[in-house]
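Below you'll find the structure, written out as structure tokens, and then a few comments.
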Amino acid sequence: MESVAITLFPFLLVIVAICFSFCDANSNVLCIESERNALLKFKNDLVDPSNRLSSWVKGGDCCKWLGVVCHNSTGHINQLHLAAPLPVPHFDAPVAEWEAYHRSKNNSPLRGKIISSLLELKHLSSLDLSNNNFRSNIPKFLGMLRSLTYLNLSHAQFQGGIPHNLGNLSKLQYLDLGGNYLKPKSLQWVSGLSFLQYLDLSYADLRKATDWLQATFQHPSLLELHLSACSLEDDPSPINVNSTKSLVVLNLSENNFSSVPMSIFGLHGLLSIDLSSNSLEGPISDYFRNISFLEVFDLSGNLLNSFTPNSLFSLNHLQFLNLSSNEIDQDVSEILLSLSRCCLDCLESLDMSHNHLFGHLIDQLGHFKNLAHLSLAANNISGPIPLSIRELSSLKFFDVSENQLNGTFPDCFGQLESLETLNLGCNLLEGVVSETHFSNIKRLTTLEASQNRLRFQPNSSWILPFQYMSNAGISDILPTWFLNLSTQFEYLNLSYNQLKGGISHLNVREFVDLRSNRFTGPLPRVFPTLQYLMLSNNSFSGPLFKLVCNPLRKGPMECLAIKGNLLSGEILDCWNHWRGLDYLNLENNNLTGKIPPSLGHLNLSVLNLRNNDMFGELPSTLQLSTSLIMLDLSDNHFSGSVPTRIGDKLSKLEILSLRSNNFEGHIPQKICQLQSLRILDLGNNNISGSIPKCFSNLSAMANKSNQNSYMFQWSITRTNLFCMRILLVLKGRVDEYSTTLGLVTRMCLSTNRLIGAIPKELGSLVELQSLNLSGNLLIGNRPNEIGNMELESLDLSMNQLNGEIPSSFSNLNFLNHFNVSYNNLTGQIPTSTQLQSFGNFSYMGNHLYGPPLTKNRSTYRTPTNVANNGSRILGFVMGFSSVVAPLFYIRSWRHEYYRKLDHIGRKLYMSLGYYG
């Protein structure tokens, strides 16, 4: 269920702020010179990457500057709104939230120092510096801006304590410090804000602020309090609360409460409580019945196990109830009956998904006349869907997926004219579904009915009324309605079906997902404003030219995913009008040619061209893609050296895969500057030289706390759109990682021509899970330091390593793949549970003995009594030289020979592994 909270007045303040940021509200006012100079001094100490403050110039009318609002009559500056872009909303966020984000995203965050020249603005009543990147303490002088009634410093990377003199802002009504890295030791200063109505300290660490309860719950004017994710714990000493001046909105989500703070039950005027994502245990407390005016109640993401009839008995105004993601093990019919006695006429949203509910849905469900959102997904509910569902005339969202519901697809759904989303997936429903089931539904946009026993058999001339029908079991040629889609559609998802046929055009304005079908023919023409196009895992063929080089595009496309098709030809150099593209995946096609230079100008976050037939050196413009998080060019024919500028410019890079190409030369030292790199795969190339000792600087592989979350921040907002995937060679086989990709740390340098010893500095990469150095020319002993790592996979096979296996290797307790075969190792295998769990194949081709080897050491020595027959040697030399000599003079023959030899060797190696 979408998170719901009541808020009293901030919405109006935000609207005013946005208006003043983009409108000229001071057309007849000239600013005061001293205040203009104060703003210019303030600007001089700021870093403004997007030149947002370009209108702030000497001699200009500061009342017309961006973000500045002056009093209509006096000309004094009374509002300063310099909020940077809003955080990227979740894909399912409301339209209004997305619109606000798009209005703001042209503004890059401000950095630098906030200086005290703002004190010259004596009449400043509103200051908004939210969503910037100051990375400093909150300036103490802000507590001297005595005229402030509104102060918003949220999500601006402030850190440290909170200045106590903020308590001097006696006129302040609205204070938002949420989303920073604050660690106050006390909240006593809040008592000085006698007119404060709104306070947000979310994400501040309040573990040392033991007075938080007194400072907030006993405040005489505070109406809305947000303390989400503040590391709050159970307080053994409740306080007395004056219920006549109690809070109205309370958010204590994402804390560490195991029981509800008793003081809450004295806040009789509460309209909204959010206690989600804590550790609340046991039954839902009966004391909640004391808060009889409650309208919004969120207990999701806890460990609650039961629902008693008395707990919500007197909540006669309850509109939104979220109990999802708990441990409630109860008959769903009992809960529905209890709710029908307290809030039958007012309940609008009910979410009890992801519990252990059982039993049947009862006819009383149809009596909740105002119910618009109902989610019972991921429980153990059985039986048929009751026909009384037809009475829910306000129902917009209905999700009962992942249960054990049986029977047929009810005809009554066709009478729910308000229904927009219907999810019946993963049940035991059966029978035929046709267009008659949706005869009166005009607003349905999403249908999910996968993993049932349903057969979807619409008439071929039927026009689809909904835009999402993923995994619905459609198996047919493309219906006529598909080619007649009107431009009213913004979103179309028909992924994971078995649709086939060609598509000439797609008149969808924003989002298209046709992944995993059987579509054929050339790529379709798309609407000029389309932002997301996902056609992966079909059989589209032909060139990219018409799609990529279309000059009629309007606005940026953010995602283009056409992997796993039959595309051919070159990627042409016409990407200049694709500015804004963030994700490009063309892997597993038949594309040829070089990477076009204009592709490097796009500043992508993800570029995946894996498994094509592309060649040539990497363009220098690739270094301009400074936002790259993932670069996968593996399984092509790229050549030249690994670009040194990768380490200089691509500081956010977390995944770099160049395996199975023709790269040569040394590994550039500047790769060691990639502090966020977690996956490095240079395997199966022609790279020579030694392994850089500076690999110890790859801090994301060395320290979990240094693993930056660029990929996580980027991917969480796109979880429902596409997954970041990469093929990794782990444990001797190729695996594809997607949902767990953020947990993988790996280095593969296998099958190259690396020489020298394995540097002991690799042992400092203690977070590395997989290390593969096989198939090189490495010599010397294995460093003892490797035994300090937490490796799950270690492959040093097919080198020229000598000496004994270090005894420290017995500390590798997490190993599930280990291979040191075909070296010159000697001595006894160290005794440990892990090393003895691997078969003979992991050790063959050495001079080793001891468990797990079953034969004595002499069996593993290399034979020395080779016959020295001169004539045989001469014949061998003549025959061998006649074949091999041209390889030394004809480069193309030599490369092809080595490639073929490597291929045969790998087949033999894997065969030995299989049978060994």
Side-chain angles (χ1 to χ4, degrees), residues 523 526 530-536 540 542-565 567-663 674 710-711 714 718 722 724-726:
L523 293 172
V526 297
L530 192 66
Q531 296 181 26
Y532 296 88
L533 178 61
M534 285 166 283
L535 305 175
S536 298
F540 289 109
L544 284 165
F545 173 77
K546 289 185 178 179
L547 175 65
V548 174
C549 300
N550 181 3
L552 300 179
R553 277 211 55 78
K554 297 178 182 177
M557 183 178 285
E558 296 185 29
C559 166
L560 179 60
I562 322 181
K563 76 166 191 174
N565 281 277
L567 302 180
S568 58
E570 298 186 6
I571 303 177
L572 298 179
D573 196 15
C574 50
W575 293 87
N576 289 325
H577 58 283
W578 284 72
R579 299 294 172 89
L581 187 65
D582 193 47
Y583 178 98
L584 178 60
N585 190 341
L586 300 174
E587 69 170 299
N588 285 331
N589 281 285
N590 300 315
L591 298 170
T592 60
K594 300 180 179 181
I595 297 177
S598 59
L599 204 57
H601 292 284
L602 299 183
N603 207 14
L604 295 160
S605 293
V606 175
L607 175 59
N608 191 341
L609 301 176
R610 188 186 69 84
N611 196 23
N612 281 283
D613 291 315
M614 302 183 69
F615 55 82
E617 298 188 3
L618 303 186
S620 60
T621 56
L622 207 57
Q623 65 183 297
L624 303 176
S625 297
T626 54
S627 296
L628 264 180
I629 301 170
M630 171 179 171
L631 177 61
D632 189 349
L633 305 178
S634 57
D635 294 291
N636 280 282
H637 308 290
F638 294 116
S639 58
S641 58
V642 178
T644 58
R645 293 294 181 92
I646 284 180
D648 264 347
K649 304 293 184 181
L650 308 185
S651 60
K652 295 183 178 181
L653 201 62
E654 297 191 21
I655 300 170
L656 175 61
S657 180
L658 304 178
R659 75 172 292 108
S660 298
N661 280 285
N662 298 321
F663 290 109
L674 296 175
Y710 297 118
M711 183 175 70
W714 176 88
R718 298 161 170 84
F722 41 77
M724 297 182 76
R725 297 175 181 271
I726 190 168

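Position 1 is the first residue of the sequence; numbering continues from there. Because the structure is predicted, anything quoted here is derived from the model rather than measured.
- Using a 4.5 Å cut-off on side-chain heavy atoms (C-beta onward), Leu533 and Met557 make contact.
- Among all heavy-atom pairs drawn from Asn611 and Asn636, the shortest one is N-ND2, 3.8 Å.
- You'll find the side chain of Val548 stays beyond 4.5 Å of the side chain of Ile571, heavy atoms only.
- Under the side chain to side chain donor-acceptor pair (under 3.5 Å) criterion, Ser536 pairs with no residue at all, not counting sequence neighbours.
- Distance check, rounded to the nearest 0.5 Å: CD of Gln623 to CG of Leu618 gives 11.5 Å.
- In this model, a donor atom of one side chain and an acceptor atom of the other lie less than 3.5 Å apart for Ser605 and Asp582.
- Side-chain contact check for Tyr583 and Glu558: no donor-acceptor pair (N or O, by modelled atom type) lies under 3.5 Å.
- Contact check for Thr626 versus Lys652: no side-chain heavy atoms found under the 4.5 Å cut-off.
- For the atom pair CG of Asn565 and CD of Glu587, the computed distance is 11.0 Å after rounding to the nearest 0.5 Å.
- Between Asn608 and Met630 there is a side-chain heavy-atom pair separated by less than 4.5 Å.
- Between Pro619 and Lys594 the shortest side-chain heavy-atom distance does not fall below 4.5 Å.
- With sequence neighbours excluded, no residue forms a side chain to side chain donor-acceptor pair (under 3.5 Å) with Asn612.
- Taking CG of Asp635 as the start and CG of Asp613 as the end, the distance is 10.5 Å to the nearest 0.5 Å.
- Considering only residues two or more places apart in sequence or on other chains, Asp573 meets the side chain to side chain donor-acceptor pair (under 3.5 Å) condition with Ser598.
- With contacts defined as side-chain heavy-atom distances shorter than 4.5 Å, the pair Trp575/His601 does not qualify.
- Within the model, atoms CG of Leu581 and SG of Cys559 stand 7.5 Å from one another, a figure rounded to the nearest 0.5 Å.
- For Glu617, the side-chain contact (heavy atoms from CB on, under 4.5 Å) partners are Ser639, not counting sequence neighbours.
- Shown here is Phe615, whose CZ atom has more than 12 heavy atoms of other residues, nucleotides or ligands within 6.0 Å.
- Checked by atom type, the side-chain pair Asn603/Ser627 shows a donor-acceptor distance below 3.5 Å.
- To the nearest 0.5 Å, atom OG of residue Ser657 and atom CG of residue Leu631 are 8.5 Å apart.
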Q) Taking it one step at a time, do Asp632 and Ile655 satisfy side chain to side chain contact (heavy atoms under 4.5 Å, CB included)? A) CA-CA 8 Å; Asp632 189 349; Ile655 300 170; 5.8 Å; no
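- Ser641 meets the side-chain contact (heavy atoms from CB on, under 4.5 Å) test with no other residue; sequence neighbours excluded.
- Contact check for Asn585 versus Val606: no side-chain heavy atoms found under the 4.5 Å cut-off.
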Q: Output, in order, the C-alpha distance, side-chain angles, deciding distance and verdict of side chain to side chain contact (heavy atoms under 4.5 Å, CB included) for Leu604 and Trp578.
A: CA-CA 10 Å; Leu604 295 160; Trp578 284 72; over 6 Å; no
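- Rounded to the nearest 0.5 Å, atoms CG (Asn589) and CG (Leu609) are 10.0 Å apart.
- Of all the heavy atoms in Ile562 and Leu560, the pair that sits closest is CD1-CD1, 3.7 Å.
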Q: Apply the test side chain to side chain contact (heavy atoms under 4.5 Å, CB included) to residues Leu607 and Leu602: give CA-CA distance (whole Å), side-chain angles for both, the deciding distance (0.1 Å), then the verdict.
A: CA-CA 10 Å; Leu607 175 59; Leu602 299 183; over 6 Å; no
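- Leu567 places a side-chain heavy atom less than 4.5 Å from the side chain of Leu523.
- For residues 572-611, the set of pairs meeting the disulfide bond (SG atoms under 2.5 Å apart) definition, not counting sequence neighbours, comprises Cys549-Cys574.
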